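Take a look at the structure below.
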Amino acid sequence: MLVEVENLSKTFGDFRAVDNVSFEIERGEIIGMLGPNGAGKTTTIHMILGLITPTSGRISIFGKSMATHRGEILERMNFTSPYVAFPFRLTVLENLKVFARIYDLKKPRERIDELLERFGITKLRDKAIARLSSGENTRVGLCKAFLNDPELLLLDEPTAYLDPEVAWQVKNALLDAQRDKGTTILYTSHNMEEVERMCKRIIFLHHGKVIAAGSPIEITQALLEEEREEPALEEVFLRVVRGKAA
């Protein structure tokens, strides 16, 4: 297994944000993590990144413990979220150069230019982050996430703020990375159609707990408690939010 999460919990005072969560991710999978706001998705991802220390539980990535091999693990993975801000006075190119140095890229400008073109923002290269739209910021984050050609990619709402055409391009870039390089991807999304298309498996969180895990059709049947021929994740999501599944 590329990622092993075992009995992971995180409390903030009296609030338990993540409650005894366990799951595994195989190399080359695209896994969706779903759940309403406050379900524990982002907290779980932050613990996998080593940004937050778990209250209890174990995380192993590439066969190594995040608790003792954090630096070594992070060299081989990357992350982005549209809700994480870049230094706003720096240009797009300057920001990406900083991250290229962190990852010790051998040909940083070549890699940056390649990614700017892939995500359709070459014309923004010398523009200050402060002058970008939300969608443009999202695409800069995706360039950053692909800089080190990661084996494991964690994405929090990767298509947020994107118009349908650009979102389609991003989804294809993720599928290409999986197919061509075996990239393993874990991501959150509130776009149920996107998840149904992209994900082989889904981890569904609610109130910090895993309430279902499996393929989109397995999740649909388990949480709606009825036979279905096609996935219906939007219906599932609404059922969970309205308190009919727990």
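All figures in this text were calculated on a predicted structure; none of them were measured in a lab.
In this structure, CZ in Arg76 is found 11.5 Å from NE2 in His69, a value given to the nearest 0.5 Å. Expressed to the nearest 0.5 Å, how far CG of Leu96 lies from CG of Leu115 amounts to 8.0 Å. Rounding to the nearest 0.5 Å gives a distance of 13.5 Å between CZ of Arg70 and CD of Glu72. From Ile31, atom CD1 reaches atom CZ of Arg201 across 4.0 Å, with rounding to the nearest 0.5 Å. Summarising the geometry, atom CG belonging to Leu8 is positioned 4.5 Å from atom CD1 belonging to Ile59; distances are rounded to the nearest 0.5 Å. Note that the OG atom of Ser133 and the CZ atom of Arg139 stand 7.0 Å from one another [nearest 0.5 Å].
Here the side chains of Val166 and Thr138 are not in contact, with every heavy-atom distance at 4.5 Å or above. In this structure, the side chains of Lys97 and Pro108 stay at 4.5 Å or more apart for every pair of heavy atoms.
Counting non-hydrogen atoms of neighbouring residues, nucleotides and ligands closer than 6.0 angstrom, the CD atom of Glu234 reaches no more than 12 such neighbours. For NZ of Lys171, the number of neighbouring non-hydrogen atoms (other residues, nucleotides, ligands) closer than 6.0 Å is greater than 12. Taking a 6.0 Å sphere around CD of Glu193, one finds it holds 12 or fewer heavy atoms contributed by other residues, nucleotides or ligands. Annotation: Arg89, atom CZ; neighbour count of heavy atoms from other residues, nucleotides and ligands within 6.0 Å does not exceed 12.
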Intermediate values then yes/no, side chain to side chain contact (heavy atoms under 4.5 Å, CB included), Phe12 and Thr43: CA-CA 11 Å; Phe12 298 95; Thr43 301; 4.3 Å; yes

Check against side chain to side chain contact (heavy atoms under 4.5 Å, CB included), Leu205 and Val210: CA-CA 5 Å; Leu205 297 178; Val210 176; 3.5 Å; yes

Audit row: Arg111, Glu114, salt bridge (charged side-chain N to carboxylate O under 4.0 Å, His left out) steps and yes/no: CA-CA 5 Å; Arg111 180 62 172 162; Glu114 173 192 337; 2.9 Å; yes

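Under the side chain to side chain contact (heavy atoms under 4.5 Å, CB included) test applied with Phe79, the options Leu49, Ile48, Leu153 reduce to a single match, Leu49. Each of Ile211, Leu224, Val236 was scored for a side chain to side chain contact (heavy atoms under 4.5 Å, CB included) with Ile219, with one residue passing: Val236. The residue from Ile30, Leu34, Thr188 that alone fulfils the side chain to side chain contact (heavy atoms under 4.5 Å, CB included) condition with Val195 is Leu34.
For Glu230 and Arg228, the salt-bridge test fails: no basic side-chain N is under 4.0 Å from an acidic carboxylate O. Looking at Glu151 and Arg27, a side-chain N of the basic residue comes within less than 4.0 Å of a carboxylate O on the acidic one, giving a salt bridge.
Taking both residues in full, the closest heavy atoms of Ile129 and Val140 are given as CD1-CG1, 4.3 Å, listed atom of the first, atom of the second, then distance. Residues Leu175 and Arg197 come closest through the heavy atom pair CD1-NH2, 3.6 Å.
The aromatic rings of Phe237 and Phe204 sit tilted relative to each other, their planes meeting at an angle between 30° and 60°.
Checking side-chain atoms of Asn95 against main-chain N and O of Pro87 turns up a donor-acceptor pair under 3.5 Å. A donor-acceptor pair under 3.5 Å links the side-chain atoms of Thr55 to the main chain of Thr11, judged by distance alone. The backbone N or O of Leu132 lies less than 3.5 Å from no partner atom in the side chain of Lys127, so there is not a single donor-acceptor pair. Of the possible polar contacts, one joining the Ser215 side chain to the Glu218 backbone as a donor-acceptor pair under 3.5 Å is found.
Tyr187 and Leu154 fall into different hydrophobic clusters, defined by Ile, Leu, Val, Met, Phe, Trp and Tyr side-chain heavy atoms under 4.5 Å apart, directly or through other members. One hydrophobic cluster, built from ILVMFWY side chains closer than 4.5 Å, holds both Met77 and Ile203. Leu51 and Leu152 fall within the same hydrophobic cluster, defined by Ile, Leu, Val, Met, Phe, Trp and Tyr side-chain heavy atoms under 4.5 Å apart, directly or through other members.
Asp14 is linked by a side chain to side chain contact (heavy atoms under 4.5 Å, CB included) to nothing, counting only residues two or more places apart in sequence or in another chain.
In summary, the side chains of Ser9 and Asn20 do not present any donor paired with an acceptor at a separation below 3.5 Å, with no hydrogens or angles considered.
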